[in-house]
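As the structure lists them, so they are numbered: ligands from 1, and atoms in each ligand from 1.
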Amino acid sequence: EAHSTLSITVVGASGDLAKKKIFPALFALYYEDWLPENFVIFGYARTKLADEELRNMICTTLTCRIDKRENCEDKMEQFLKRCFYHSGEYSSEEHFVELDRKLKEKEVTCSLEPENGRTGYFTCRYLQIYSWKASSAKGWTRVIVEKPFGRDSESSAELTRCLKKYLTEEQIFRIDHYLGKELVENLSVLRFSNLVFEPLWSRNYIRNVQFIFSEDFGTEGRGGYFDNYGIIRDIMQNHLLQILALFAMETPVSLDAEDIRNEKVKVLRSMKPLELEDVIIGQYKGHNKGGRIYPGYTDDSTVPSNSITPTFAAAALFINNARWDGVPFLMKAGKALHRKRAEIRVQFRHVPGNLYKRNFGTDLDKATNELVLRVQPDEAIYLKINNKVPGLGMRLDRSDLNLLYRSRYPREIPDAYERLLLDAIAGERRLFIRSDELDAAWSLFTPLLKELEGKRIAPELYPYGSRGPVGAHYLAAKYNVRWGDLG
Ligand code: BG6
């Protein structure tokens, strides 16, 4: 779709996400000449700010890429000149009408053409889009919405109903920023563009698959939001489940957004809702490490002292279809753990009648082939293979075929938000969540969340900076699995 001009509204412009991710991503797109020549960006939030104050606030987080061009400073200045601000309440139609008036003025003074496009960046709580939308009748409108998409099936369906009062499904771009990560995008290339993986991609060769997310910091400063959601809604139901769907889906008819999303929905609908016995939850507690005191989750002033909100969870999921019957898909997500890491680990079956069995002693798991996609940090894809240690004897060693991105592709990897914003502007829906996908995702987690919360099930405490609750090992062991990330 041609778009010679563009206006973008960032709702929630004074917030953390806008400052850390959205404005820097928009600048990066501008810096790399991905935005049309004529564009304006409007920030909208409750805080009262002058245009100049918004510019001062966001300029601290804009960066030029490593291959710095000399004109970096100029580019920043040019970019900031296109940024404006309007303050208003999120629930006020009147304030959005004012925003719209200002937008139109700017669209005229910046000679944005009538067939221009409008993109808005919203979080789902702010649904006053009708006035904003109505005005761009001549051009196209796209609305990017950020999670949380409700707290369960019902509240999510209600949000969808609200959005659809004003927008068609084609105009709604539900974001899950994990889908914009380089390695997650590559999953489909790896599977469908290599002969050596797809034939093995089934219960016949794969023993289990693990989706692991860990952060080495707690909810510092975000406790107010987090306590209402917890790690299952914050990470599992969206980021990890989306990756799982891409991992496990059948081959789509084509790379068109609808074909891909159809397959994702299918695989999600083939899964059985999570049961309590297949889940363990944890919460981090304060810890004194090397003389430094790390606060526990409930020490955060924005978190109630008796909170039982999980900051860690592990779960086993199953897909009831011919390809995956009986294969455990394990998920593990936690905050305040010993390191920051997101990865997919595929553990293959043992080699039947392995001639070298005795070289591995009694522990055949040490001979398991494992394919790892390290999503972050230090992006990599590596395959653990058994190899003969050079020498006269016969000693085997499990070694890595390693594709380390920073060695192979030294260019900096774009942030997920850059890809997603660019796609939304271009009208490409492949990496956004369709409403039926969202429904299917919630159906898997809603009964579990209700039971956990209804029964007030207490999380297992784990020290800040540790490897998480031991319960995660028992859960994996129940399915004969060892977490690959723990060696
Ligand atoms: C967000 C969660 O969606 O993802 C945060 O709300 C989490 O709790 C963040 O920290 C992690 O994203 P990234 O890109 O830093 O791994």
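Of the residues listed (Val184, Ile175, Asp423), the one engaging Leu431 in a side chain to side chain contact (heavy atoms under 4.5 Å, CB included) is Asp423, and it is the only one.
Of all atoms in ligand 1, listed by their number and element, those nearer than 4.0 Å to a heavy atom of Lys340 are 15 (O), 16 (O). Every atom of ligand 1 is numbered from 1 in the order shown, and the set under 4.0 Å from a heavy atom of Lys181 is 13 (P), 14 (O), 16 (O). Atoms of ligand 1 lying under 4.0 Å from any heavy atom of Lys335, numbered from 1 in the order shown and given with element: 5 (C), 7 (C), 8 (O), 10 (O). Counting the atoms of ligand 1 from 1 in the order shown, those under 4.0 Å from a heavy atom of Asp234 are 2 (C), 5 (C), 6 (O), 8 (O). Counting atoms of ligand 1 from 1 in the listed order, those under 4.0 Å from a heavy atom of His239 are 1 (C), 3 (O), 4 (O). Heavy-atom proximity to Lys147, at under 4.0 Å, picks out these atoms of ligand 1: 1 (C), 2 (C), 3 (O), 6 (O). Close approach to Gln376 involves these atoms of ligand 1, each under 4.0 Å from a residue heavy atom: 13 (P), 16 (O).
Contacts between Tyr178 and ligand 1 below 4.0 angstrom, taking non-hydrogen atoms only, involve the side chain exclusively.
No side-chain donor from either of Arg233 and Asn228 sits under 3.5 Å from a side-chain acceptor of the other. Counting only N and O atoms by type, the side chains of Tyr462 and Thr311 include a donor and acceptor under 3.5 Å apart.
Of the protein's heavy atoms, Glu215 OE2, 3.5 Å lies nearest to atom 11 (C) of ligand 1. The protein non-hydrogen atom at the shortest distance from atom 4 (O) of ligand 1 is His177 CE1, 3.3 Å.
Using a 4.5 Å heavy-atom threshold, the side chains of Val481 and Gln210 count as touching.
Ion pairing between a basic and an acidic side chain is recognised when a charged N comes within 4.0 Å of a carboxylate O; Lys335 and Glu220 show no such pairing. Taking 4.0 Å as the cut-off between side-chain N and carboxylate O, Asp33 and Lys75 count as a salt-bridged pair.
Taking the six-membered ring for Trp and thresholds of 30 and 60 degrees, Tyr30 and Phe27 have ring planes inclined between 30 and 60 degrees apart.
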